Student: 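Can you read through this structure? Questions will come right after.
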Amino acid sequence: MDSSDNCQLSTVNYQLNKTLLVILGPTGVGKTNISLRLAEHFGCPIVSSDSRQFYRELKIGTAAPTIDQLDRVKHYFIASHSIFDEYNAGQYELDAIQLLDELFLSHNVVMLVGGSMMYIDAVCNGMDNIPTVDAETRTFWQKQFAEKGLEYIQNELKRLDPKHFEELDQQNPKRILHALEICSMTGKPYSDLRTGERKQRNFNIIKVGLNRPRPELYERINTRVDEMMTEGLLKEAEQFFQYRHLNTLNTVGYKELYEYMNGNWTLDFAVNMIKQDSRRYAKRQLTWFNRDKEIYWFEPMEEEEVIEFVNNKITSK
RNA sequence: GGGCAGUUACCAAAGUGGCCAACUGGGGCUGACUGUAACUCAGCUGUCUUUCGACUUCGGAGGUUCGAAUCCUUCACUGCCCA
């Protein structure tokens, strides 16, 4: 995979010649295919920023690259973890940056491909130094919420971190709980740890966004779900039925099938819900990406155009 | 051919004389989101308007009434039952 022969750069400003090519876009848009061709063109490896393709147990439902595709280009962060592992965006930032440092030793271009918004931002912008929440703290606050309700945790956060309480979505239990977890773990207000600073990376970043007209995107998502079902998604999900409460299985394509296995939904209904939830996920991705003014969008997406665009970008640096 | 029931916004479904541009759910749209994030949460959803508000709607046409999605007449269509 390592076709690069580009280590002839001066050590002084080598980092200026290093480029992270980010390929992002909504689920189902066709990132995998086009990025394989781009990777072959640029002779570069692919680092995945898909927070569900990390998990080796989730292949069909996450539309992970196939063995053949993995043979074509060296991939990282595909099937690198187990659904039983604890993993998060903060850890991913550290792992990915370390990996990129290594890869840039022998490549001028590395690609970051995926649709997990926060994970992409973690690599490009960095995240604040906030500790990972331990199990006891998590359980404690979850229990508080379950027993005492939303208003109680709202008031707790108002007390522990009034500044952050004013800023966050006060109806969103997950956000409140996380802030509380950090407050009680660190003994400091969560807002004190949030700098909002953007980390400086020692490589250039080019962000390419892929999109399609909404109806076309939705059509692709729908047919892809049908294909997943014929490929055996039900069987894949079934294997981990007893672990369905794991966060890693709270994932489109799996959680709906567990409703079916629990007897709450018919299979037909569950499949339709997978399609619907996938469409909604795609929309959420687009909403997030729309905020990022650094993305160069391609719609319709033409491989040749992207290659030409990236080539121009790289040589003009 | 006869009887009964029904026709409400994208779909489903309330409303049965003024509090109705019309409950609710779904879908759709828009947005928030720095660590469980393919999660979680919010707003909008007849038209025009930034707001106030104005305008046009509840199968079609006509009528009663100060006033109708709601009452009457008639036509059309749909469903069930009897022939």
Side-chain angles (χ1 to χ4, degrees), chain A residues 24-29 31 48-55 58 60-64 81 83-96 114-135 137-139 141-142 145 150 153-154 164 167-182 185-186 190-199 214-215 218 221-222 224-225 228 237 245-257 269 272-292:
Chain A
L24 54 83
T27 188
V29 78
K31 293 186 291 294
S48 173
S49 56
D50 184 309
S51 71
R52 295 298 133 140
Q53 290 181 1
F54 295 164
Y55 301 110
L58 314 182
I60 299 171
T62 61
H81 293 74
I83 54 170
F84 302 105
D85 294 340
E86 297 251 333
Y87 205 58
N88 60 50
Q91 190 56 49
Y92 173 74
E93 177 192 350
L94 302 178
D95 295 345
S116 298
M117 305 84 89
M118 193 159 57
Y119 287 69
I120 295 169
D121 285 354
V123 172
C124 296
N125 306 332
M127 299 182 78
D128 287 326
N129 191 22
I130 288 165
T132 295
V133 178
D134 60 58
T137 308
R138 174 141 296 163
T139 314
W141 284 108
Q142 269 172 350
F145 174 49
L150 180 62
I153 58 170
Q154 285 171 333
H164 188 63
E167 289 167 355
L168 65 29
D169 178 356
Q170 300 176 358
Q171 296 303 115
N172 191 329
K174 284 232 174 167
R175 300 285 127 84
I176 295 176
L177 285 171
H178 184 247
L180 285 170
E181 288 164 354
I182 300 303
M185 272 187 67
T186 62
Y190 179 47
S191 51
D192 280 10
L193 302 170
R194 287 162 56 90
T195 67
E197 274 168 26
R198 186 171 173 163
K199 288 181 192 162
R214 195 68 61 87
Y218 283 6
I221 288 172
N222 293 163
R224 191 172 74 164
V225 171
M228 287 174 178
H245 300 300
L246 287 175
N247 173 59
T248 44
L249 289 173
N250 185 195
T251 297
V252 176
Y254 300 86
K255 59 181 176 184
E256 298 86 354
L257 290 176
F269 187 82
N272 280 325
M273 287 309 291
I274 296 175
K275 293 175 182 174
Q276 183 175 313
D277 288 340
S278 299
R279 282 181 250 128
R280 286 175 163 171
Y281 173 51
K283 169 58 183 132
R284 270 180 275 127
Q285 290 174 298
L286 288 169
T287 298
W288 183 297
F289 294 143
N290 279 154
R291 274 195 308 193
D292 189 340

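The chains referred to below are lettered A, B, ... by the order of the sequence lines, with proteins before strands, and numbering in each begins at 1. In this text the structure is predicted, and so the values were computed from the model without any measurement.
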Student: Between G60(B) and U78(B), how far is it from one C1' atom to the other, in whole Å?
Tutor: 15 Å
Student: Taking Ser48(A)'s backbone N and O only, do any of them form a donor-acceptor pair with Gln53(A)'s side chain (distance below 3.5 Å, no angle check)?
Tutor: no
Student: For Thr62(A) and Leu58(A), indicate whether the former's side chain and the latter's backbone hold a donor-acceptor pair under 3.5 Å.
Tutor: yes
Student: Students often get this wrong, so: under 4.0 angstrom with heavy atoms, is Glu256(A) touching a base, only sugar-phosphate, or nothing?
Tutor: nothing
Student: Contact between Met185(A) and Tyr190(A) at the side-chain level, heavy atoms closer than 4.5 Å - yes or no?
Tutor: no
Student: Mind checking the P distance from A69(B) to U57(B)? Whole angstroms is fine.
Tutor: 9 Å
Student: Between A21(B) and U45(B), how far apart are the C1' atoms? Round to whole Å, please.
Tutor: 12 Å
Student: Which base sits across from C80(B) as a Watson-Crick or G-U pair, both distances under 3.5 Å?
Tutor: G3(B)
Student: With sequence neighbours excluded, tell me which residues meet ring pair (Phe, Tyr, Trp, His ring centres under 6.0 Å) with Tyr119(A).
Tutor: Phe54(A), Tyr92(A)
Student: Remember a base hit wins even if backbone is also touched, and classify Thr27(A) as base, sugar-phosphate or nothing at under 4.0 Å, heavy atoms.
Tutor: nothing
Student: Just by distance, with hydrogens left out, do Arg224(A) and Thr27(A) show a side-chain donor and acceptor under 3.5 Å apart?
Tutor: yes
Student: So, Gln154(A) side chain and Gln170(A) main chain: donor-acceptor pair closer than 3.5 Å or not?
Tutor: yes
Student: Return yes if some donor-acceptor pair links the side-chain N/O of Lys31(A) with the main-chain N/O of Gly25(A) below 3.5 Å, else return no.
Tutor: yes
Student: Compare all side-chain heavy atoms of Thr248(A) with those of Tyr254(A) and state whether any distance is below 4.5 angstrom.
Tutor: no
Student: Which comes earlier along RNA chain B counting from the 5' end, the contact point of Gln285(A) or that of Ala63(A), where each point is its nearest nucleotide?
Tutor: Gln285(A)
Student: Who does U73(B) pair with, Watson-Crick or G-U, both distances under 3.5 Å?
Tutor: A61(B)
Student: Taking the same atom, C1', in G46(B) and in A9(B), what whole-Å distance lies between them?
Tutor: 7 Å
Student: Nearest whole angstrom, please: distance from the P of U34(B) to the CD1 of Ile130(A).
Tutor: 10 Å
Student: Write down the distance separating the P atoms in U74(B) and C55(B), rounded off to the nearest Å.
Tutor: 34 Å
Student: So Tyr218(A), base contact, sugar-phosphate only, or nothing? Heavy-atom distance under 4.0 Å.
Tutor: sugar-phosphate
Student: Please give the distance between the C1' atoms of G3(B) and A54(B) as a whole number of Å.
Tutor: 47 Å
Student: Could you give the CD-to-C1' distance, from Gln91(A) to U34(B), as a whole number of Å?
Tutor: 15 Å
Student: Using purine N1 to pyrimidine N3 plus N6-O4 or O6-N4 for Watson-Crick, or N1-O2 and O6-N3 for G-U wobble, both under 3.5 Å, which nucleotide pairs with A9(B)?
Tutor: none
Student: Establish, with yes or no, whether the OP1 or OP2 oxygen of U36(B) is under 4.0 angstrom from a side-chain nitrogen or oxygen of His178(A).
Tutor: yes
Student: Let me see the working for Tyr218(A) and Lys283(A) under side chain to side chain contact (heavy atoms under 4.5 Å, CB included), right down to the final yes or no.
Tutor: CA-CA 10 Å; Tyr218(A) 283 6; Lys283(A) 169 58 183 132; 4.2 Å; yes
Student: Counting only side-chain nitrogens and oxygens, does Lys199(A) get under 4.0 Å of the OP1 or OP2 atom of U34(B)?
Tutor: no
Student: With a non-hydrogen cut-off below 4.0 angstrom, is Tyr119(A) in contact with a base, only sugar-phosphate, or nothing?
Tutor: sugar-phosphate
Student: Base, sugar-phosphate, or nothing for Asp50(A), non-hydrogen atoms under 4.0 angstrom?
Tutor: base
Student: What nucleic acid atoms does Thr62(A) come within less than 4.0 Å of, heavy atoms only: base, sugar-phosphate, or nothing?
Tutor: base
Student: Just the rounded figure in Å: distance from P of G31(B) to CG of Asn290(A).
Tutor: 6 Å
Student: Take atom CZ of Arg138(A) and atom P of C39(B), then tell me their distance rounded to the nearest Å.
Tutor: 16 Å
Student: On a whole-Å scale, what distance lies between the C1' atoms belonging to C75(B) and A22(B)?
Tutor: 26 Å
Student: For the pair Gln91(A) and Thr132(A), evaluate side chain to side chain contact (heavy atoms under 4.5 Å, CB included) and give the outcome as yes or no after the intermediate values.
Tutor: CA-CA 9 Å; Gln91(A) 190 56 49; Thr132(A) 295; 5.5 Å; no
Student: Compare side-chain N and O positions of Arg214(A) against OP1 and OP2 of G28(B) and report whether any pair is under 4.0 Å apart.
Tutor: no
Student: Sort me out a list of protein N/O and nucleotides 40-43 of chain B N/O pairs below 3.5 Å, or just none if empty.
Tutor:
{"from": "U40(B)", "atom 1": "O2'", "to": "Asn172(A)", "atom 2": "OD1", "distance (Å)": "2.3"}
{"from": "U40(B)", "atom 1": "O2", "to": "Asn172(A)", "atom 2": "ND2", "distance (Å)": "2.7"}
{"from": "U40(B)", "atom 1": "O2", "to": "Arg175(A)", "atom 2": "NH1", "distance (Å)": "3.4"}
{"from": "C41(B)", "atom 1": "O4'", "to": "Asn172(A)", "atom 2": "ND2", "distance (Å)": "3.0"}
{"from": "C41(B)", "atom 1": "O2'", "to": "Asp169(A)", "atom 2": "OD1", "distance (Å)": "3.2"}
{"from": "C41(B)", "atom 1": "O2'", "to": "Asp169(A)", "atom 2": "OD2", "distance (Å)": "2.7"}

Student: Searching all strands shown, indicate the nucleotide that pairs with U40(B) (Watson-Crick or G-U wobble; both distances under 3.5 Å).
Tutor: A32(B)
Student: Roughly how many Å is it from CD in Gln170(A) to P in G31(B), rounded to a whole number?
Tutor: 22 Å
Student: Rounding to a whole Å, what distance do you find between Asp277(A):CG and C39(B):C1'?
Tutor: 12 Å
Student: Let me see the working for Met228(A) and Ile274(A) under side chain to side chain contact (heavy atoms under 4.5 Å, CB included), right down to the final yes or no.
Tutor: CA-CA 11 Å; Met228(A) 287 174 178; Ile274(A) 296 175; 5.7 Å; no
Student: Under a 4.5 Å cut-off applied to non-hydrogen side-chain atoms, are Ser49(A) and Val123(A) in contact?
Tutor: no
Student: Is the phosphate of C29(B), meaning OP1 or OP2, less than 4.0 Å from a side-chain N or O of Lys283(A)?
Tutor: no
Student: Provide, to the nearest angstrom, the distance between the OH atom belonging to Tyr254(A) and the C1' atom belonging to U36(B).
Tutor: 18 Å
Student: Counting distance only, does the side-chain N/O of Lys199(A) pair as donor-acceptor with the main-chain N or O of Met127(A) below 3.5 Å?
Tutor: yes
Student: Mind checking Tyr190(A) for me? I need base, sugar-phosphate or nothing, with any heavy atom below 4.0 Å counting as a touch.
Tutor: sugar-phosphate
Student: Name the nucleic acid region contacted by Glu197(A), choosing base, sugar-phosphate or nothing; use a 4.0 angstrom heavy-atom cut-off, strictly under.
Tutor: base
Student: Figure out the CE/C1' separation between Met117(A) and C39(B), and round it to whole Å.
Tutor: 9 Å
Student: Checking all strands, does Gly253(A) fall into the base, sugar-phosphate, or nothing category for heavy-atom contacts under 4.0 angstrom?
Tutor: nothing
Student: Checking all strands, does Gly196(A) fall into the base, sugar-phosphate, or nothing category for heavy-atom contacts under 4.0 angstrom?
Tutor: base
Student: Quick one: which protein N/O atoms are closer than 3.5 Å to N/O atoms of nucleotides 24-26 of chain B? Pair and distance per line, please.
Tutor:
none

Student: Using the P atom as the reference point in each nucleotide, state the distance between G6(B) and A13(B) in Å, no decimals.
Tutor: 13 Å
